[in-house]
Number of protein chains: 2
Amino acid sequence: MAHITTSVEYGIHCLLWLSGSGEVSLSSRDLAELQGISPSFLAKIFPKLEKAGIVAASEGVRGGYRLAKPASEITFLDVVDAIEGEKPLFECQNIRTRCAVFDGDAPDWVCEGICGVHGVMLLAEKAMRDVLAKKSLADVGTAFMRKAPQSFGTDVGTWIDDRVKGRKPGRTPKNSGPPG
Amino acid sequence: MAHITTSVEYGIHCLLWLSGSGEVSLSSRDLAELQGISPSFLAKIFPKLEKAGIVAASEGVRGGYRLAKPASEITFLDVVDAIEGEKPLFECQNIRTRCAVFDGDAPDWVCEGICGVHGVMLLAEKAMRDVLAKKSLADVGTAFMRKAPQSFGTDVGTWIDDRVKGRKPGRTPKNSGPPG
DNA sequence: AAAAACGAGGATAAAACTAGTCCGCGTTAT
DNA sequence: ATAACGCGGACTAGTTTTATCCTCGTTTTT
C-alpha cells in the first residue's frame, strides 16, 4: 500500500470523532464500531497516540480516550509521526562512496557534505512535512461539520447513548440477542 | 525500508553516471560494478527507465544504456515515477461513508467532494512531487563534478577502458584469474 | 464481592512489498 | 562461433502492514 498507512487513516478519523465529543471519553471499541473498522487493530494504534500526548486514556468501565489538547493544536504531522514513528522518506546508502575507482577508500572530497541525491529527497520530505504540520484536526473537522445537517450530531449522540445503555450492567447484553 | 526505495536510489545514481559519459553506452553490469551494487537487481530497474523514455538501450556486445534526453530535462520525479509507478502517498478508504449511524447507506452530503483527510494528504503529496519535479539530474550531477578534481574524470575513464579491454574477445578473461 | 467494560501489551498469522538471485531468450559486435 | 548485451519470468528471503486473539491489571456499577 502507501507510505502513509491505513493505521494513520484510522487514527485521524478516530481523533476527528473525539474532537467532536468534547469531554466524553470514547472507547476504542466504540470508535471501531462507529466507523466499521477492526476493533482489535484500532486497539494497537491508540497507545501510540497516548504516548505522543495526543490523547488521554482512562481505564475501567466507562473509560476510553479523549483528546489531550484542543483539536486546533493537533496537526496531521503529529499523528503521522506518533503512529509511524518519524520514518524518513528516503534512506541514503551513500552509494557515492562505493565507486570502484576509489577501491574501497573514498577520498575526502567525495564524503564532503551530504549526498546530492539525499539532499533532494530531504527537501521533498520537508515540503511534505510542512504541509502536514500546517493542517490541524480542527481544520478538517470543522469543514466536515459545516456540511453535516443538525440532525447528524443528535443522531450520533443517540447512537452512542444506545450503545452505552446496551452494555449497561444490570441489563445483560444477551437479551438483545447476539448477531448471527 | 522507506517509501522512496533503494531501486530509485540505484536508478538515479546510475543516471548520474550516464549523464557524465556522453554518447558512450554503459551496460547495467558496468554500472553495477562501478558502484558496488547488485548487477542482477540493477538489471530489473533499467527496463523501467527505458519504457519511461529516460534511457535508450542498445542490444548486443558493446551495447548498454545512454540517456534518451539531456540530464537537465530528466527530473527526480520522472525517475521516481518510472521506477515506482506513480504510487500515491495515501490511499483513501473513504472511512467517512462507513459511519454506523448511516447504517450502510451514506447520505449525499457525506460523499460530497473528496474526504477532508484525503485532501490534506493530496496537498502533502503534491508539495513533495513539486520539489522532485524541480530538481533535474543535471542539478545534482554538476554540483558533484564541481567538487571532483580533474583526475577523477580520467580515473573513471581508464577504469571503464580497462573493464572493456578485459572482456575483449581474443583475450580470454580466464587469463586474469577468477577472484577467490 | 462480582461482573463487565476498559486499556496495555504480547504472540501469532496472513498478505503485501522489497531486495535480490537465477535462468533462458533473442540480439549484436568481434 | 562466441561472448557480451538487454529483456523478462520464476523464484526466494526478509521486512512491513494489517490484522486477530488472549491475558493481565484497572475501574465502575450492581
Side-chain angles (χ1 to χ4, degrees), chain A residues 1-11 14 24-33 36-51 55-66 83-85 87 90-91 93 160 163-175, chain B residues 1-11 14 24-33 36-51 55-66 83-85 87 90-91 93 163-174:
Chain A
M1 205 158 296
H3 182 237
I4 292 189
T5 58
T6 299
S7 292
V8 170
E9 184 173 18
Y10 289 175
C14 287
V24 179
S25 284
L26 295 179
S27 74
S28 64
R29 294 161 179 91
D30 290 335
L31 288 163
E33 192 172 333
I37 62 182
S38 158
S40 54
F41 186 51
L42 199 52
K44 301 303 236 179
I45 297 172
F46 267 99
K48 297 177 183 176
L49 295 173
E50 204 216 347
K51 288 191 185 67
V55 298
S58 53
E59 287 193 339
V61 175
R62 300 281 187 131
Y65 299 97
R66 60 177 211 281
I83 295 176
E84 295 189 346
K87 284 176 192 161
F90 176 79
E91 284 182 20
Q93 300 180 48
I160 291 175
R163 192 167 196 281
V164 171
K165 280 177 198 153
R167 71 185 175 222
K168 202 176 191 175
R171 208 216 280 184
T172 62
K174 286 171 190 169
N175 293 345
Chain B
M1 207 157 296
H3 182 236
I4 293 189
T5 57
T6 299
S7 292
V8 170
E9 184 172 19
Y10 288 176
C14 286
V24 180
S25 284
L26 295 179
S27 74
S28 63
R29 294 157 178 94
D30 289 336
L31 288 163
E33 193 172 332
I37 62 182
S38 158
S40 53
F41 187 50
L42 199 52
K44 305 298 257 180
I45 297 173
F46 267 99
K48 298 178 183 176
L49 294 173
E50 203 217 349
K51 287 191 183 68
V55 299
S58 52
E59 286 193 338
V61 176
R62 300 281 186 130
Y65 299 97
R66 60 176 210 281
I83 295 176
E84 296 190 345
K87 284 177 194 160
F90 176 79
E91 283 182 22
Q93 300 180 47
R163 191 166 196 283
V164 171
K165 278 176 200 155
R167 70 189 176 221
K168 201 176 193 174
R171 207 219 280 185
T172 61
K174 288 172 190 169

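Throughout, a chain's letter reflects where its sequence line sits, starting with A, and its residues are numbered from 1. Just the heavy atoms: all of them, side chains too, but no hydrogens, waters or symmetry mates, feed the values below. Just so we're clear, the structure is a prediction, and the values are computed from it rather than from any experiment.
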Practice task
Let me know the distance between CD of E50(A) and C1' of dG7(C), rounded to the nearest Å.
Solution key: 8 Å

Handout entry: Set of residues satisfying side chain to side chain contact (heavy atoms under 4.5 Å, CB included) with respect to A57(B), sequence neighbours excluded
Key = E50(B), Y65(B)

Problem - Length of the line joining H3(A):NE2 and dT15(D):P, which is rounded to integer Å - result: 18 Å

Handout entry: With I160(A) via side chain to side chain contact (heavy atoms under 4.5 Å, CB included) - residues at least two apart
Key = L26(A), V156(A), V164(A)

Exercise for the section: Taking only the side-chain nitrogens and oxygens of T5(A), find out if one of them lies under 4.0 Å from OP1 or OP2 of dT16(D). Expected result: no

Practice task
Answer whether the closest heavy-atom distance between the side chains of V8(A) and F90(B) falls below 4.5 Å.
Solution key: no

Close N/O contacts between protein and nucleotides 9-11 of chain C (under 3.5 Å):
| residue | atom | partner | partner atom | Å |
| --- | --- | --- | --- | --- |
| dG9(C) | OP2 | K51(A) | NZ | 3.1 |
| dG10(C) | N7 | K44(A) | NZ | 3.0 |
| dG10(C) | O6 | K44(A) | NZ | 2.6 |

Problem - Protein-nucleotide distance (K87(B), atom NZ; dA16(C), atom P), rounded to Å - result: 13 Å

Problem - side chain to side chain donor-acceptor pair (under 3.5 Å) involving S40(A) - partner list, sequence neighbours excluded - result: S38(A)

Handout entry: Non-hydrogen atoms of A32(A) and L42(A) that approach each other most closely
Key = N-CD2, 3.6 Å

Handout entry: Atom-to-atom span, CD1 of I45(A) to P of dA19(D) - whole angstrom
Key = 9 Å

Sort me out a list of protein N/O and nucleotides 24-27 of chain C N/O pairs below 3.5 Å, or just none if empty.
| residue | atom | partner | partner atom | Å |
| --- | --- | --- | --- | --- |
| dT27(C) | O4' | E59(B) | OE1 | 3.1 |

Practice task
Using a cut-off of strictly less than 4.0 Å, decide whether Y10(B) has a side-chain nitrogen or oxygen near OP1 or OP2 of dG20(C).
Solution key: yes

Handout entry: salt bridge (charged side-chain N to carboxylate O under 4.0 Å, His left out) partners for E33(A), two or more places apart
Key = R163(A)

Practice task
Take atom CD of Q93(A) and atom P of dG20(C), then tell me their distance rounded to the nearest Å.
Solution key: 7 Å

Practice task
For dG6(D), take OP1 and OP2 only and decide whether either is under 4.0 Å from a side-chain N or O of S28(B).
Solution key: yes

Exercise for the section: Between dT28(D), dA19(D), dG6(D), spot the one nearest the side chain of S38(A), thanks. Expected result: dA19(D)

Handout entry: Interatomic distance, I37(A) atom CD1 to Y10(A) atom OH [nearest 0.5 angstrom]
Key = 5.5 Å

Completion exercise
Minimal heavy-atom distance between H3(A) and E84(A), with the atoms involved, is O-OE2, 2.9 Å

Problem - Short side-chain N/O contact to dC21(D) OP1/OP2 from S40(A), under 4.0 Å - result: no

Completion exercise
Between NZ of K48(B) and C1' of dG8(D) the distance, given in whole Å, is 12 Å

Fill in the blank from the handout: Sorted by chain and residue number, the side chain to side chain contact (heavy atoms under 4.5 Å, CB included) partners of S7(B) (sequence neighbours excluded) come out as T5(B), F41(B), I45(B), I83(B)

Handout entry: Phosphate contact (dT28(C) OP1 or OP2) by S58(B) side-chain N/O below 4.0 Å
Key = no

Problem - 5' precedence on DNA chain D between F46(B) and F41(A) (nearest-nucleotide basis) - result: F46(B)

Practice task
Calculate the interatomic distance between I83(A) atom CD1 and dT16(D) atom P; express it in whole Å.
Solution key: 18 Å

Fill in the blank from the handout: Nearest heavy-atom contact between S25(A) and S58(A) is OG-OG, 3.6 Å

Exercise for the section: Grab the CD-P distance between E33(A) and dA5(C) for me, whole Å please. Expected result: 12 Å

